[in-house]
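Here the structure is laid out as structure tokens; the discussion comes afterwards.
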Amino acid sequence: MPRVRFAPSPTGFLHVGSARTFIFNWLYARRNKGTMILRLDDTDAERNTQASVDSIFEGLKWLNLSWDEEYKQSERIDLHRKTAWAIFEKGFAYRDFTPAHSGDAEKSGAQGTWLFNPGAREMSRAESDRRAGAGEPFALRFRVPREAGETVRFTDAVYGEQVKLAADIEDFALLRSDGMPTYHLASCADDADLRISHIIRGQDHLSNTFKHVLIFEAAGSTPPQFAHLPLLVAPDGTKLSKRRHGPVVSVTTYRDAGFLSDAFINFLCLLGWSPKNDRENMSVQELTDAFSLEGINRSNAVVNFKEPATTPEETFDPKAVWLNAEHIRALPVEGLSRRLLPVVRVAGFDVSEEKMLRITPLIRERIKLLSDVLTAADFLFVDQLPPYDPAELIPQKGDTTMARKVLEKAREVLAGVEFKHDPLDQALRAAAQELGVKAGQMFQPIRVAVCGRKNAPPLFETLEVLGKESTLARIDQAVRKIA
RNA sequence: GGCGCUAUCGUCUAGGGGUUAGGACGGAAGAUUCUCAAUCUUCAAACCCGGGUUCGAUUCCCGGUAGCGCUACCA
């Protein structure tokens, strides 16, 4: 039974890259009847915030993918320390009394690889104990093997055999001088304790994995299986970041823009993974059935939004939008209607469930995002149509006279017809023939009178939903406009 | 600087020693329709460069280049 975990550190909102990592872990767990674990990696007290924890849960809740166990790393610090000291007792770590130094100074000065503080590494245990006993602060560092030719190796399910010279790995810290565990230690100690079988995470951890293997082995545990995921990058090729790229990297931005969570999941899965059979539009169940680590590829994937996104359209990858439209069309009317209703109500329109249910089929094939309902069906939500240009009422190859003639005839015919598709169809076509105009010339002025614009859902269905009273009132208004 | 990873249409990808290098999004054109959509058809669009290996490399190997990642007492 595989045990996998998603371990975000709560230092910001839920990132689309993190969401994808969560999804891949979830898919792997569900596919293989394993256990999905959520672990908050919150050992960095400086940067962690409750707001971030909330926003991560908010994002995960929207994805609607559940987990089986939940942990907080900050509640497990005793375990981390115990692990660190066990490593120390075995001689795989040493105290480093060198004062903490700034990483920037290190970077600008060093030309080669920084490996360790020679004095500290070779200090005798007696002296180390004495100075620690005297209360001198220290960090605990891993004693990376320095024998010539020594290597660290592991097999990555995505990137294959990985080998690195131990000589290229620095003596990284396990405990900070305040006694708090570092990420590497806490993460490995927890993964071992929670019996994680597969670590599926971002490729940015690929090089860190050598350190992790060292920790697992020093702690006497067998390292889990690793699978690193290619990174999600912006069109400029850089890693997605809040600072550089703004809200497009936040999961809630997709939710608020009217994405269906299943479509969003579908989109993310297609970035760096392929079912290899040309399938693209897939449900969560289909994704689960098709998922395997073998389908994951090795190169970074671009989330193709327009860099300075000016319109909502440009904010998202066109493929994400297309998939969302596909998922919307695949939803039964009731399901779609149920999701549309809150969008409409939040926008301030008072629409009943029954009415929404009747509107939904009219716009289902015309919206890409749930929020498009506001522009696609606006005229059905209000009593008073917003102002429009009377010139719009003039049909193709027609003039004001024709427009008036058509509208007056429509008003007369519609007053006496049942507001159902077929009767409306017959009556209006007959009226067009009577007037000697083309069907399109007949329908267009009515459409504009009723919808306030030329592009709208099919006329008869629209009239049926709008009802006789409103239809006649709007036609009257239109007639007055061109009088 | 050191170490590592990667490289197929604009983007996501399939493929793999001999293929018309396939699909999807987006783009263009057309069909259809009461407009808009949806749908259907068609078109343009790619194997980073250089060396090997081989009868033959886009595919395998090496090098280069580029991009990305790691190189903290951040995660």
Side-chain angles (χ1 to χ4, degrees), chain A residues 7-11 41-44 46-48 96 98-104 106-107 110-115 137-141 156 158-160 162-165 167-170 172-184 186-187 202-211 228 230-231 233 235 237-239 267 270-281 297-304 317-323 325 329 363-368 376 395-396 425 428-429 432 438-444 446-448 451 453-460:
Chain A
S9 47
T11 57
D41 278 7
D42 55 352
T43 50
D44 185 359
E46 299 281 302
R47 294 163 62 213
N48 295 162
D96 180 0
T98 316
H101 50 266
S102 127
D104 289 345
E106 188 71 39
K107 216 182 271 176
Q111 281 304 294
T113 314
W114 173 87
L115 292 174
F138 60 85
L140 199 67
R141 286 189 183 280
D156 189 273
V158 174
Y159 289 90
Q162 301 295 313
V163 186
K164 189 167 186 164
L165 243 28
D168 288 324
I169 303 170
E170 75 278 9
F172 53 94
L174 259 21
L175 292 179
R176 304 176 204 163
S177 48
D178 61 0
M180 291 298 285
T182 62
Y183 162 76
H184 297 304
S187 177
Q203 191 246 32
D204 47 348
H205 282 298
L206 190 63
S207 339
N208 288 150
T209 305
F210 295 101
K211 295 173 192 166
H228 287 89
L231 262 25
V233 298
T238 62
K239 200 172 146 181
F267 169 65
L270 263 17
L271 259 22
W273 173 80
S274 163
K276 299 188 188 292
N277 61 0
D278 287 343
R279 281 295 307 279
E280 296 210 300
N281 177 3
N297 53 37
R298 285 166 291 280
S299 47
N300 292 170
V302 175
V303 180
N304 197 19
D317 191 315
K319 195 146 197 169
V321 175
W322 169 74
L323 273 171
R329 290 193 288 268
I363 58 167
R364 179 152 71 158
E365 291 185 342
R366 272 162 267 267
I367 61 176
K368 294 179 163 161
Q396 276 282 306
D425 189 337
L428 290 174
R429 280 182 201 279
K438 291 187 167 179
Q441 291 175 314
M442 180 83 202
F443 301 154
Q444 198 64 359
I446 303 174
R447 172 177 291 112
V448 173
C451 306
R453 56 186 148 83
K454 284 179 174 166
N455 297 343
L459 189 58
F460 312 128

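In this text, all values refer to a predicted model and were calculated from it rather than measured experimentally. All chains are named by letter (A, B, ...) in the order of the sequence lines, taking the proteins before the strands, and each is independently numbered beginning at 1.
Contact annotation for A/Gly202: no contact, since no heavy-atom pair falls under 4.0 Å across all strands. Across all strands, A/Ser177 comes closer than 4.0 Å to base atoms (heavy-atom distances). Contact annotation for A/Ser187: no contact, since no heavy-atom pair falls under 4.0 Å across all strands. At the heavy-atom level, A/Asn277 lies nowhere under 4.0 Å from the strands shown. Among the heavy atoms of the strands lying under 4.0 Å from A/Gln162 are primed sugar atoms or P, OP1, OP2 only; no base atom is included. Using a 4.0 Å heavy-atom cutoff across all strands shown, A/His184 reaches at least one base atom of the nucleic acid. Within the 4.0 angstrom heavy-atom criterion, only backbone atoms of the sugar-phosphate kind lie near A/Leu270; the bases stay farther away. At the heavy-atom level, A/Arg47 lies under 4.0 Å from base atoms of the strands shown. When heavy atoms are screened at a 4.0 angstrom cut-off, A/Pro457 is found touching base atoms of the nucleic acid. Residue A/Phe172 is classed as having no contact, given no heavy-atom separation below 4.0 Å to the nucleic acid. Residue-level contact check: A/Ala439 touches neither bases nor backbone, having no heavy atom under 4.0 Å from any strand.
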Is there any protein nitrogen or oxygen under 3.5 Å from a nitrogen or oxygen in nucleotides 21-32 of chain B, and what are the pairs?
from, atom 1, to, atom 2, distance (Å)
B/G22, N2, A/Asp278, OD1, 3.3
B/G23, N2, A/Glu280, OE2, 3.4
B/A24, O4', A/Glu280, OE1, 3.3
B/A24, O2', A/Glu280, OE1, 2.2
B/A24, N3, A/Lys319, NZ, 2.8
B/C25, O2', A/Lys319, N, 3.3

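The separation of B/A37 from B/A29, taken at their P atoms, amounts to 13 Å, rounded to a whole angstrom. Taking atom C1' on both B/U59 and B/A7, the two are 13 Å apart, rounded to the nearest angstrom. Rounded to the nearest Å, the gap between the P atom of B/U58 and that of B/G52 is 13 Å. For the C1' atom pair drawn from B/G18 and B/G63, the interatomic distance equals 26 Å after rounding to whole Å.
Residue A/Thr11 holds its OG1 atom at 11.0 Å from CG of A/Asp42, rounded to the nearest 0.5 Å. In this structure, CG on A/Leu140 lies 9.5 Å from CG on A/Asp96, to the nearest 0.5 angstrom.
With rounding to whole Å, A/Gln444 atom CD is found 16 Å from B/U33 atom P. Counting to the nearest Å, the P atom of B/A72 and the OH atom of A/Tyr183 are 16 Å from each other.
Enclosure of atom NZ in A/Lys368 is not indicated, since only 12 or fewer non-hydrogen atoms of other residues, nucleotides or ligands lie within 6.0 angstrom. Under a cut-off of 6.0 angstrom, the local environment of NZ in A/Lys438 is sparse, with at most 12 non-hydrogen atoms contributed by other residues, nucleotides or ligands.
Contact annotation: A/Arg364 does not reach the phosphate of B/A38 (side-chain N/O to OP1 or OP2, under 4.0 Å). Within the 4.0 Å cut-off from OP1 or OP2 of B/C73, at least one side-chain nitrogen or oxygen of A/Arg141 is found. For the OP1/OP2 pair of B/G15 and a distance below 4.0 Å, the side-chain nitrogens and oxygens of A/Lys276 include at least one atom meeting the criterion.
RNA chain B is contacted by both A/Ala7 and A/Tyr159; A/Tyr159 maps to the nucleotide lying nearer its 5′ end (nearest heavy atom per residue).
By the 4.0 Å N-to-carboxylate-O rule, A/Arg141 lies too far from A/Glu170 to be salt-bridged with it.
Closest approach to the A/Asn304 side chain among B/U6, B/C36, B/U11 is made by B/U11 (side chain taken as heavy atoms from C-beta onward).
Below the 3.5 angstrom threshold, one finds a donor paired with an acceptor across the side chain of A/Arg366 and the base of B/C36.
Under the 30°/60° scheme for interplanar angles, the aromatic rings of A/His205 and A/Tyr183 are found to lie parallel.
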How does protein reach along nucleotides 64-70 of chain B, written 5' to 3' as B (base within reach of a heavy atom under 4.0 Å), S (only sugar-phosphate), or - (no contact)?
----SBS
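A side-chain donor-acceptor contact under 3.5 Å links A/Gln441 to the backbone of A/Gln396.
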